[in-house]
Amino acid sequence: MELVEESPYRFRIDRHDPMRVPGVVFASRSLLPDAGEDRSLEQVANVATLPGIVDASYAMPDVHWGYGFPIGGVAATDVANGGVVSPGGVGFDISCGVRLLAADLDRDGLRPRLDALMDGLGEATPRGMGRGAVWHLSDRAELDAVLRGGSRYAVERGFGVERDLHRCEDAGAVGDADPARVSERAIERGARQVGSLGSGNHFLEVQAVEEVYDDTAATAFGLRPGQVCVMIHCGSRGLGHQICTDYVRKMEQVMARHGIEVPDRQLACAPVTSAEGRAYLGAMAAAANYARANRQLLADAARKVFARVTGSRLDLVYDISHNLAKIETHGVDGERRALCVHRKGATRALPPGHDDLPDDLRDVGQPVLIPGSMGTGSYVLTGVPGAPAFASTCHGAGRVQSRKQAVRSERGLDPRAQLAARDIAVRGASRRGLAEEMPAAYKDVSAVVAAAEGAGLCRKVARLVPLGVVKG
DNA sequence: ATGTCC
């Protein structure tokens, strides 16, 4: 794949047939994927062939190989000009994302109670493959209410406070969710997992604010140096996975009928305005609401533990997805256009002044939550005016080793002991699960964030370090 | 990511 270096953190893949637009990769040279092991830059070029795509097929500095689209990919299609929506551009874990809460407690004050707190959080957090949930739903109607109402419904049912919703993307619920477009199998898988963490790279971490880069923004977000925080990273569990599976299959069947050809079957898609496109977006929105309710419920469970063990409160900083497609209005060639913006392993980063921000954040911009690899640290960023890529930035460290490779390179080592040696208390997770998530399997999140900032996609606000982690 | 193959 030929890359042209346009500026220090921006590379271009020139348009060549059948690409409709160029590819743009925001990265430093050392962060670029190794073409021998990772074909994600070919995927960037493949995405550029999609009908209706505008500007460019973008990749963030944490780009790596994914299903059809790269993880760390951003692509927007023009709804009124045959623009398509592709389930592979959202990913299997629909509305996977991050929620950050800030405690009225400093790390020194927590130290004597950290072990008891981690024990409590470990017990209160259902996790792992398939097992357990915070909320056992009474019937299908209640699951439909979750699919329509997201965090808002969870708050209405007593799992949170009204203020939480002001600090959630979409005020806690995506509009246009259509539970009727969710298959029975997806419903069955989702019904018993509402309020559960999952496994893999999902986690609940107790963290401390290690460094503040922007006092004004940090204060507006409710963050200060030394403060204890809780970060929750999880998604839509089996429900989102099943919806992605269902609609990839459906779109593979109807693509030819819509006159669409793609270079990779995993890019299955349909026009946004087609019956299949609208059905997917309705089901995807339902899964997004499920993921948000999931994070709301886990946060509520963590709040109860915090109150009992430490006597302190947890205020929501923000809740934001990094796997979603959204219909948004952006300027294209000097015109305002409705675009279907796919962000897969990429985070929306609204700049200061944006209409969709709550009043108390309007002057500083949207909090962007970037989970690092396990045990290394995480970042809080914010959007910047006039940024490229439809107000998007990176979503995390980005894998460099497959799960299998990671397990192999940890052979003979004890991942739990390595974390304990760095004073990080671990609850849950199998040895294998931990080995798959060790920092060696990931890029350096600080380098990823520096590249994202260098590329003009976002600005650093604060860095958080882990004190304890609950894993699936 | 994921009842890691209905």
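As the structure is a computational prediction, the values presented were derived from the model and not from experiment. Residue numbering restarts at 1 for every chain, and letters A, B, ... go by the order of the sequence lines.
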Do any side-chain atoms of residues 266-274 of chain A form donor-acceptor pairs under 3.5 angstrom with protein atoms, and if so which ones, sequence neighbours left out?
| unit_1 | atom_1 | unit_2 | atom_2 | d |
| --- | --- | --- | --- | --- |
| A:Q266 | OE1 | A:G68 | N | 2.8 |
| A:S274 | OG | A:P271 | O | 2.6 |
| A:S274 | OG | A:G277 | N | 3.0 |

Got a list of protein N/O to nucleotides 2-6 of chain B N/O distances below 3.5 Å?
| unit_1 | atom_1 | unit_2 | atom_2 | d |
| --- | --- | --- | --- | --- |
| B:dT2 | OP1 | A:R237 | NH1 | 3.0 |
| B:dT2 | OP2 | A:S199 | N | 3.0 |
| B:dT2 | OP2 | A:S199 | O | 3.4 |
| B:dT2 | OP2 | A:S199 | OG | 3.1 |
| B:dT2 | O2 | A:H241 | NE2 | 3.3 |
| B:dG3 | OP1 | A:R189 | NH2 | 2.1 |
| B:dG3 | OP2 | A:Q193 | NE2 | 3.0 |
| B:dG3 | N1 | A:R189 | NE | 3.4 |
| B:dG3 | N2 | A:R189 | NE | 3.0 |
| B:dG3 | N2 | A:R189 | NH1 | 2.2 |
| B:dG3 | N2 | A:R189 | NH2 | 2.9 |

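- Taking A:A447 as the reference, A:L31, A:D444 meet the side-chain contact (heavy atoms from CB on, under 4.5 Å) condition, with sequence neighbours excluded.
- The ring-ring contact (aromatic ring centres under 6.0 Å, His included) contacts involving residues 138-158 of chain A comprise A:W135-A:Y153, where partners must be two or more places apart or lie in separate chains.
- Under the side-chain contact (heavy atoms from CB on, under 4.5 Å) criterion, A:C244 pairs with A:P87, A:F92, A:V248, not counting sequence neighbours.
- A:P33 pairs by the side-chain contact (heavy atoms from CB on, under 4.5 Å) definition with A:D38, A:S40, A:L41, A:V63, not counting sequence neighbours.
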